[in-house]
Each structure stands twice: as structure tokens, then as C-alpha cells.
Engineer: 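Below is one structure. I have some questions about it.
So you know, we letter chains A, B, ... as the sequences are listed, proteins then strands, and number each from 1. Values below: every heavy atom of this structure, side chains too, minus hydrogens, waters and symmetry copies.
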Number of protein chains: 2
Amino acid sequence: MYVTIPSEVTPQKSTNPITDKTAQVCETNLKTGAYLFYEGDPVEWLYQVKSGVLRLTRLLENGRRQVIAFGYPGDIVGFPANGLHHTDCDALSGARLQPYRRATLEKGDGDPALHQALLQAALREISAMQDHFMMLGRKSAIEKVASFLCVLAERVGQNAAGETRIELPMSRADIADFLGLTTETVSRTLTQLRKSRIIEIDNIHTIVICRQTALLGLSLGDRD
Amino acid sequence: MYVTIPSEVTPQKSTNPITDKTAQVCETNLKTGAYLFYEGDPVEWLYQVKSGVLRLTRLLENGRRQVIAFGYPGDIVGFPANGLHHTDCDALSGARLQPYRRATLEKGDGDPALHQALLQAALREISAMQDHFMMLGRKSAIEKVASFLCVLAERVGQNAAGETRIELPMSRADIADFLGLTTETVSRTLTQLRKSRIIEIDNIHTIVICRQTALLGLSLGDRD
DNA sequence: GGCCTAGATTGATCCGAGTCAAATCGCGCG
DNA sequence: CGCGCGATTTGACTCGGATCAATCTAGGCC
């Protein structure tokens, strides 16, 4: 899940499942907390998330961490760079995954349609990451948090009675490391949004967006 | 040019020219300041930079700007997302470019080797952008500037008498927008590096790195 | 040469987010 | 049920980098 600027939602939803009529390999499962791969591992498979949420992280030598992305259903993770994984990847909640052979992306042998789909996914990822640059480089804490919630609402929000409910399987620290903030700042910002009645915090891992338009405005930098 | 963490230079240099024995299309030239494409344009060509430096930028609605990347010789620019360019691109200095048809990347017809090379370039770009995430999200001003100079030194530095000289065709504002800083902070940080005799500022667009090891240390977050 | 101007530098001040610390919450477990 | 511990929230304070403003510099041009 790459946080994109809400105003420019990609026209063709990345949640469309890749055609799996030719899938040679069965889905696999990954338990909560289990690792799918580590940075430096040789890439043998790419994975499309079918259910659950993955976390992709990188560590800086001095212990600082960056959450590169959250992998939500529809997303494809594990693109190789020089044949190797360049992030760690583990499951925030039990996940079902559809593996695709690395050769399908790189050689295209076997299934041209699948090759094509994987290639397009890689190209979309480049674009999504560029959106994330704006986020990390140029947005304030409240804009970052508001953007994050808006994207999640768009991707996995459950609408009911004019409100949108979203589950946050990740910790505050994960959100902080994704947005380039500290846990304290994430927590304070959520409190601030709650106090201005834009969101409700149902429980730590469930947020209800009450005033979507206001949140969207904040994510774009409108003064409160 | 994507700023990567100096300690993990990609083993196969991205400056290796893609085989152009089968290049159907001649090189094209781009004058300083001229635009190669704009955000939203349909992608017809990808371009490999042969000489000169390109600048890829995105604008946020409220005027804030992010420099996504600088395109140095060997880099490939113009990867499509849903068939469209997702950045503006202009030349910081007169550039020679080798165009490749978009179909060569996406369909692979004609030249499988070229298709393969473009695909690998796209995958390397994903990895390079993840490095940049660490930069934008987790590094201080001095670490950012030091990292930037180290990468440029590695990519295009001219070694002489134990010193490395680098040309900066971009303005301080470009560097700032690339690193997620302000021009003032970039300027102050360069002054600070100059005063601690780690670099010399020959003229505004030429920097000499005197103490490469110290600069590398700063880029990794060692306390000065 | 001398002016003009955009870009760069430097200075003073402010503020947002980080840091450090303490209190609180929530859940698993004996 | 009460305990213990990690995650979260809240508070007080600090500081790095932004902001606002004032030079300074170097080309470009007459």
C-alpha cells in the first residue's frame, strides 16, 4: 500500500486480481508476525496479497527504521533488484498470498498476460513511490497522518451511515516509520483529529472517519 | 540519479550503456532549460541519458515542489504509469538522449535484450527510490547533504590529487527540493562543511571534496 | 566599466516535531 | 481478579530547520 495523493487515485484499481487462471502454484499462507523474506535474500517468487496485510521495512545501520510500504490485498510485493530482495517483509495479520515465479516477470516465459500484469504492477509501484516522496519530503505531520488515513479509507475503508471505518493492523510505531515521524507525534496528531471531531478512535486499531471532507482538506494542506 | 546509501553501491553500475547496436532511433539533443515531457503526457518513448543532466519534478497543488530525481548519464527516464508520464522533465544542462520505444519495454517486441535491459532498469529504480525514502524520512539536514555529495562524487566525481571535484548543474533550490529541505538550510549546511574543511566551494557550481571519509561518516549519521 | 537582477549567503527569530519522562491503557496470564 | 508488561498517550522542554529579512555575489547586458 503506497500512500498516494488522494486527488489522483489511479484510474485502474490496483486491487484488481491478476488473472490467475494459469496460476501454476497454489496460494500460500503466512501467519501473523512470520517473515516472507529478508533483505538480501535471492528472489525466487513475487507475491500478490490476497488477504491480510504485509509490512515491508528497511533498517539503517544505526538502528533507524523505515517502513517502505504496507502490502494490502491486490498489491504485489517482492520485486527484485539485481536478483535480491531489498526489504524485509513480514505479516501484520495472517495473510494469503499468490506466488508468481520471478521468471514470469523477468523472462515472460509461460504466460505473456501474467508477465504483462507483473510489469505493469512494477511500473505503477514506481509512480506510487514518487507520490510517497512528496509525503516524506514536503508534508507536515498532520498532512501526513491525514493523507495516510484517507488512502486507507479509500483502499480498505468500510462505509456505513456516512462514516468510514478503517482497521489499522499496524502499530503507531509502524505508522511513524512509514510517515517519517515519531510514535509520539503520530499519537498526538490522532488525538488532535479526534478532538476536532474529524475522526473517532474506536479502539487502538479501529478508526472511524466522521468528516471525510475535512480530513481530505487537511491532507492537502488546507489550514485546519 | 537516485541518491543511494553510499555503503551499498549497486554492484552492476547503472552507467553501463544499454546495448545500442540495435537502436533504431538516433540520439536526440535537449537544450538547457528545454522540457522533454510534462506530467500527464502520454508516454511514447523512454530515454537513456547519454550526456548532460535532466531534472524530474512534481508539483503539489499548493505550489510545493519535489525534485524526484536527477537524470545522469546511464540513467533511464520516462517510465510510464498507466501509460502516462508522472513527472515533468527538463534539462539542467544540454543533454544527449537515446530514445527507446515504450513498446520495447512493455511488449518486448523487436529486441528481447533491450526489453530485458529496460525491465531491469525499472526494477533498479524501485530499489533506488526505497533508498531515497530513508533519506527523506529519517535523515538530518547534514546527513542528507553529505549523502547527496557522496553519491554525486561516486557517480560523476573527478578524482585528482586525492581530492574529488564535482559539478553541480542544479541550483540550491533544486538540491533543497530533492532532499526535502529549504535553500537556506542547504546553503548553511554547505557553509558548515566548508568551515570544517571537509569540502571547498570552488564556485557555486563546483565543489571539491577534501575529506571523503569524514563526509561519508556524516552521511551515515556519525556525530560530526 | 557599471548597473541590474536572480541566486546565494548570512542573520535573527520562531515553531513544529523530536526527546525525555511520566502516566495510563489494555491485554495475557497465573 | 489482580498483576505485569508492552504499547499508547500525555506533558514539559529542547532544538533543528523553517521563516522572514537583509545583504552579498556573479553573470548578463548596455
Engineer: Is there a donor-acceptor pair under 3.5 Å between the side chain of A/S93 and the backbone N or O of A/G52?
Structural biologist: no
Engineer: Round to a whole Å and report the spacing from CD1 of A/I201 to P of D/dA7.
Structural biologist: 18 Å
Engineer: Looking only at the side chain of B/E184 (C-beta and beyond, no hydrogens), which of the listed nucleotides D/dA21, C/dT19, C/dG18 gets closest?
Structural biologist: D/dA21
Engineer: Between D/dT9, C/dG18, C/dT10, spot the one nearest the side chain of B/R194, thanks.
Structural biologist: C/dT10
Engineer: At 4.0 Å (heavy atoms only), tell me whether A/L190 reaches a base, stays on the sugar-phosphate, or touches nothing.
Structural biologist: nothing
Engineer: Closest to the B/A141 side chain: D/dT8, C/dA17, D/dG17?
Structural biologist: D/dG17
Engineer: Looking only at side-chain N and O atoms, does A/T206 offer a donor or acceptor that is under 3.5 Å from a partner on A/E167?
Structural biologist: yes
Engineer: Any idea which of D/dA21, D/dT8, D/dT10 is nearest the A/I204 side chain?
Structural biologist: D/dT8
Engineer: I want to verify a distance call: between C/dT10, D/dT8, C/dG18, whose nearest atom is closest to the A/L181 side chain?
Structural biologist: C/dG18
Engineer: Grab the NZ-C1' distance between A/K195 and D/dG11 for me, whole Å please.
Structural biologist: 11 Å
Engineer: Using atom types as modelled and distance alone, determine if a side-chain donor or acceptor of A/R155 lies under 3.5 Å from a backbone N or O of A/P73.
Structural biologist: yes
Engineer: Could you walk me through whether A/H85 and A/E39 pass side-chain contact (heavy atoms from CB on, under 4.5 Å), step by step?
Structural biologist: CA-CA 5 Å; A/H85 284 295; A/E39 181 171 356; 5.8 Å; no
Engineer: Is any side-chain heavy atom of A/F37 closer than 4.5 Å to a side-chain heavy atom of A/V43?
Structural biologist: no
Engineer: For A/G180 and A/N203, find the nucleotide of DNA chain C closest to each by heavy atoms; which residue's nucleotide sits nearer the 5' end?
Structural biologist: A/G180
Engineer: Counting Watson-Crick and G-U wobble pairs whose two distances are both under 3.5 Å, find the runs of 3 or more in a row that involve DNA chain C.
Structural biologist: C:1-30 with D:1-30
Engineer: Is there a ring pair (Phe, Tyr, Trp, His ring centres under 6.0 Å) between A/H86 and A/F79 once you walk through the steps?
Structural biologist: CA-CA 8 Å; A/H86 38 284; A/F79 291 109; 8.6 Å; no
Engineer: Starting at CG of A/D202 and ending at C1' of C/dC25, how long is that distance when rounded to a whole Å?
Structural biologist: 16 Å
Engineer: Rounded to whole angstroms, how far apart are NE2 on A/H205 and P on C/dC25?
Structural biologist: 17 Å
Engineer: Output the rounded distance in Å from CG (B/L168) to P (C/dG7).
Structural biologist: 16 Å
Engineer: Of the nucleotides C/dA17, D/dG17, C/dG18, which one has an atom closest to the side chain of A/T182?
Structural biologist: C/dG18
Engineer: So if I take every side-chain heavy atom of B/R172 and compare against D/dG11, C/dA8, C/dT10, which nucleotide ends up nearest?
Structural biologist: C/dA8
Engineer: 5'-most contact on DNA chain D: B/V186 or A/A173, nearest heavy atom basis?
Structural biologist: A/A173
Engineer: Is any side-chain N or O of B/R188 under 3.5 Å from a base N or O of D/dG16, one able to act as donor and the other as acceptor?
Structural biologist: no
Engineer: Can you find a heavy atom in the side chain of A/L46 that is under 4.5 Å from one in the side chain of A/Q48?
Structural biologist: no
Engineer: Quickly work out the A/R138 CZ to D/dT19 C1' distance and round it to whole Å.
Structural biologist: 13 Å
Engineer: Quiz question: by atom type and distance under 3.5 Å, do the side chains of A/Q130 and B/T87 form a donor-acceptor pair?
Structural biologist: no
Engineer: Measure the distance from CD1 on B/I142 to P on D/dG16 and round it to the nearest whole Å.
Structural biologist: 11 Å
Engineer: From the set D/dT9, C/dT9, D/dA18, return the single nucleotide nearest to any side-chain atom of B/T185.
Structural biologist: D/dA18
Engineer: Distance check needed: D/dG11 C1' versus A/Q192 CD, whole Å only.
Structural biologist: 15 Å
Engineer: Would you tell me if any nitrogen or oxygen in the side chain of B/T183 comes within less than 4.0 Å of OP1 or OP2 on C/dG7?
Structural biologist: no
